[in-house]
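Working notes, structure below.
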Amino acid sequence: RDDLVTGVQTCALPIFGLHHTELYPPEERPAMAERFERLLAGLVGDAPIAQQTRCRDGRIEYVEICEKALEIDGTTLVQLVFYDVTERYWQENTLRQVFEATSSSIGQSFFEALVAALASALAVDSVFLMEADSNTTMRLVAGWSRGQSQVRGETFAIAHTPCGRVRQVGSFVRERGVRAAFSGQLVADLEIESYVGVAFYDEGGQICGHLCVFERRPLPNTEQIRSILNVFAARAGAELERQRRSEEHTSELQSPDHL
């Protein structure tokens, strides 16, 4: 039939910004009609269909579609239930990209690959991996800002910065207004408008560093970014601890007392 869609729950349409007649444009209808015939013949399994949909405003939304054949008043209908899984797909794709970019690296190579991969996957200005240097300063382990690697070992004062808040409470998120709320030099130099940072911990449970994202524009998905950073902050902390132990062991082997 030409009128492929007979009814739609209208509250779902704003997800796509489309009229119900646009959900399946004419060029897609023959393939969908064939699938419906297979469903009615019992040739389609229960697994949901994954589909990528471009919304009217250009956004890409990911949906999973569950199909079911219904008999109502002697008429056979096919019910489609759409589940918006965009956030899940975004997280899975981001994790996969970063894992693939860092899986073969250790030590400093891992840190540098990590910040570059996160900046690319999250589409943000800057990603910094910081290590606690003292109670008032932090040291840059690896950084990526606006397409360039940053100088390792540079130290920053944590006073009046969102990084200082991370050192205090373990994480800090601000979607906008960072420059208005913090007067630290790092904030001014990088023109930070939004920020996401999460800490990592030493074996004693003390904060020993953090992984953070800076952006010159407001970030609408700060909580999703924080969930991604939580995964890799823990891994970065473990790698820093492994590297520190390795350096201590090498130093012991080279000491005159050991010889």
Quick one: closest heavy-atom pair of [X] and [Y], and the distance?
X	Y	answer
Ala117	Ala101	CB-CB, 3.6 Å
Leu39	Ala69	CD2-N, 4.2 Å
Ala142	Gln108	CB-NE2, 4.1 Å
Ala233	Leu211	N-CD2, 3.8 Å
Val198	Ser171	CG1-CB, 4.1 Å
Gln150	Ser145	NE2-CB, 3.6 Å

Got [X] and [Y] here, is their nearest side-chain heavy-atom distance under 4.5 Å?
X	Y	result
Phe200	Leu129	yes
Phe111	Glu131	no
Val213	Leu118	no
His210	Cys163	yes
Leu219	Arg176	no
Val231	Phe99	yes
His160	Gln185	no

Tell me whether the count of non-hydrogen atoms from other residues, nucleotides or ligands lying under 6.0 Å of [atom1] in [X] goes above 12.
X	atom1	value
Arg242	CZ	yes
Asp189	CG	yes
Glu34	CD	no

Say whether, by atom type as modelled, one donor and one acceptor occur between the side chain of [X] and the main chain of [Y] under 3.5 angstrom.
X	Y	value
Asp133	Arg139	no
Thr102	Val98	yes
Asn221	Gln224	no
Asp73	Thr75	no

For the residue pair [X] and [Y], confirm or rule out a side-chain donor-acceptor distance under 3.5 Å.
X	Y	answer
Thr222	Arg174	no
Arg217	Ser194	no
Thr137	Ser134	yes
Gln91	Ser227	yes

Quiz item: Between Ser149 and Trp144, does a side-chain contact (heavy atoms from CB on, under 4.5 Å) hold up when you go through it step by step?
Solution: CA-CA 5 Å; Ser149 180; Trp144 188 267; 4.1 Å; yes
CD of Glu223 to CD of Glu87, rounded to nearest 0.5 Å, is 10.0 Å
Here the gap from Asp125 atom CG to Arg146 atom CZ, rounded to the nearest 0.5 Å, amounts to 5.5 Å
query: Among the clusters formed by ILVMFWY side chains lying less than 4.5 Å apart, do Val127 and Trp90 turn up in the same one?
result: yes
Margin query: Under 4.5 Å between side-chain heavy atoms, counting indirect links through other Ile/Leu/Val/Met/Phe/Trp/Tyr residues: same cluster for Phe232 and Tyr201 or not?
Written below: no
Contacts of Glu175 meeting salt bridge (charged side-chain N to carboxylate O under 4.0 Å, His left out) (sequence neighbours excluded), chain-then-number -> none
Residues [X], [Y]: salt bridge by 4.0 Å N-O rule:
X	Y	answer
Arg244	Glu239	no
Glu193	Arg179	yes
Arg88	Glu92	yes

Students should find that the hydrophobic cluster of Phe182, defined by side-chain heavy atoms under 4.5 Å apart, otherwise consists of Phe128, Met130, Met138, Leu140, Phe156, Ile158, Val166, Phe172, Val178, Leu186, Val187, Leu190, Ile192, Tyr195, Phe214
